[in-house]
Amino acid sequence: MADDFPDVMSPVVKVAPGLVGAALSLIFIMYLRIGLYKAKVGKDISHPRLDFLSAKIKSGAMAFLKEEYKFLGYFVLVVGLVLLLLFSVSPQEDDTDGVRMMAAFFVGAGLSALAGYGGMMVATDGNVRTTVACTAGTLNDGLKVAFATGAIMGFTVVGLGLGGVSCMYLLVGLDYNNAATMQVLTGFGFGASSIALFARVAGGIYTKAADVGADLVGKVEAGIDEDDPHNPAVIADNVGDNVGDVAGMGADLFESYVGSIIAAATLADTDARVALPFWLAGAGIVCSIIGFFAVHTKEEGAGWNSNLGALMFALEKGMYTAGGLFLGSAAVVVYVLDGLWDEYFCILIGLVAGMLIGKFTEYFTSFDFAPVISIKDRGVTGPATVVIQGLGVGMISCVPTVLILCVTIIVCNQIRGEYGVAIAAVGMLATLGITLATDAYGPVADNAGGLAEMDPKIPKEVRGKTDALDALGNTTAATGKGFAIGSAVLTSLSLLAAFKAQVGMSDADLNLADAVILAGVLFGAMLPYMFAALTMVSVGKAAAEIITEVRRQFAEIPGLKACIIKASEGLEIPPEEDVDPDSDKCVAISTRSSVREMLAPGTYAVLAPLVVGFLVGPRCLMGLLTGAIASGCMVAIMMSNAGGAWDNGKKLCEKLGIKKTEQGKACVVGDTVGDPFKDTSGPSLNILIKLMSMVSLTVAPLLKGNDDWDNFYYGFIPLGLFVLATFYLVKKEILTWKDPLEAMVSGATSQQV
């Protein structure tokens, strides 16, 4: 733990490379934006409908963010005032503790929200430019536009994250020693974690409610293509790709990025080790910028028959270039910082572990390999066997990822103790700029393909190019989720070690046979299941509303049913007979449902560690965090990989031309089951374990020195809030087993009678 060790390095020197890296990142974003907005849009190639459709996606995304941030604004304000009160009443350093903690929390939350907003804005502008690039140019032109769009998101996250945490280290650390400064900086991490959780949960519910509704009614019932413009939920589905996989994933990795830096600096025992994560992150940004220019391909747009391995290598060239350069840069950094060569080996292990996790995730979720092919084969016997096989693939996929994490943790701990594990997490995330670019590229390519299909004037060969980019995006999205899980576990473990040090616990206090600790482990292991259940049920309820609305429009809008019949039979629809659905209604339903349904999981995630920590004590809270990390890791890997495998099983059916057969429809059902697995519940668990660890670390000074049940009466405050929140959520029918369509079904039954 960072205690009162001698200051041989000024605070400015500690964070200067981080500030330089953040500044370079923001300059690079400006360069990318200039290039992106010079790219042609639909009107430039006489396809104005592309611009119209893109504008609808953007307006839907902005409407969602506006509604979500309105709720989050109240939450951030209330929590910030609570932190001000707590640390003003019980200051750890001086009377300004509360103000500093509140300021750090507000800045962390604000920058996390800004990263999501910035990424969303550019992603919804990049989709149409990618479609146009594929229409007027080559596959490589489309790849470059989509990847540049994703890179703006990636470098926005690392630039704001590193710049924010570096600036706050200087500002909140005025007249404070390193230990006090790092304690206040946990408020920054808490703010980032809070926004990340709500953004990931709400975005995940939004995107999967729309996706499930569009798939079940459009593809399964009506037999039309995935992005057919006559499906009222298609625009909402495309909006969801952005709010879930751009804003949500960006906030998730923003939290991991700053959390790993905070954890490592908190566990440091010298100035050089405090500076190391800031210097490494700054070097990683420079290497990622260079790696960006290595991304290109000579592949042709052959749709699903494209060489996905060659396309994947086009993106991997950038990551491998950045990774290789980073290892050289890291060697220079550790040499300058007193020769921290033990830490260098931990950095190397963390970087390699991240790459290996990505490759194993690709194996279990890409349709080039046996696991996904086996799911497609089970479609012959119906959807039940598709679901069973997918669950099995998800479960077995835990094995290699967990083994890699275990080896990383044990070896790094052996080399440099808890700090070694923390700096391995920094190494894994150092080149996040380009890693996140490859992930954010996916939804941009997906939207580009959707736009190409929604405009009937776009030639079919263009759809072949966008399909190739989309197929690659599915793989990068899955590997990105695997990377996010691995980094979340290492970051959470580092935060857990920092919490143990801050509350003054010794190893002797942590006997797993002790009833209090074991109870905490069991309670913590249950929380990811409860959290996943809440988000899964929320998707089901929201999807039911979308399904009902789509069916209503199919039945009631004049001429729409006839268009659907022709579309399902592959017939051309004359412009005078074509009818547009009311897509705005589905966007409004998804927005309202997702923001409403995010309240329960978000509230419980924040309150659970507070109840246990203040009511029982820090030992039980250590057990809770341990159980949550272990359980959350397994459930997240299983759900994310199973969902990705189901998704690409369906894509494999499309590639083989069997998507409208019974086998293809069975795989569509599997994909529908997997949608909330891979895009809502699974990814949200990453943030759950990090948020609970960060909340615990933030309140650690208030628990320091407490034995079991000491001052337990303070625990009744968060417990009372827990009960009141539950009462409110039940009253508002957010927590309910009630069928959301009960009134409609009852009305239909009455009419039949």
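The environment of OH in Tyr37 is crowded: more than 12 heavy-atom neighbours from other residues, nucleotides or ligands sit within 6.0 Å. Around atom OH of Tyr117, no more than 12 heavy atoms belonging to other residues, nucleotides or ligands sit under 6.0 Å away. Summarising the local packing, OH of Tyr74 is surrounded by 12 or fewer heavy atoms from other residues, nucleotides or ligands at distances under 6.0 Å. By the 6.0 Å contact criterion, NZ on Lys58 is enclosed, its count of non-hydrogen atoms from other residues, nucleotides or ligands being greater than 12.
Residues Lys14 and Asn178 have side chains in contact (heavy-atom distance under 4.5 Å, counting atoms from C-beta outward).
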What side-chain donor-acceptor pairs closer than 3.5 Å can you find for residues 418-436, not counting sequence neighbours?
residue	atom	partner	partner atom	Å
Glu418	OE2	Lys500	NZ	3.4
Tyr419	OH	Arg273	O	2.5
Thr435	OG1	Thr431	O	3.1

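Here Glu255 contributes atom CD and Leu197 contributes atom CG; the two are 8.0 Å apart, rounded to the nearest 0.5 Å.
No close placement of the Phe155 and Phe292 rings is indicated, their centers lying 6.0 Å or farther apart. Note: Tyr169 and Phe278 meet the aromatic proximity criterion, with ring centroids under 6.0 Å apart.
The closest side-chain donor-acceptor pair between Ser260 and Thr491, if any, does not fall under 3.5 angstrom. With no hydrogens or angles considered, no side-chain donor-acceptor pair links Tyr206 and Asn242 at under 3.5 Å.
With sequence neighbours excluded, the residues forming a salt bridge (Lys or Arg N to Asp or Glu O under 4.0 Å) with Asp679 are Lys208, Lys481, listed by chain and number. For Arg33, there are no salt bridge (Lys or Arg N to Asp or Glu O under 4.0 Å) partners two or more places apart in sequence or in a different chain.
A distance-only check finds no donor-acceptor pair linking the side chain of Arg200 to the backbone of Leu688 [under 3.5 Å].
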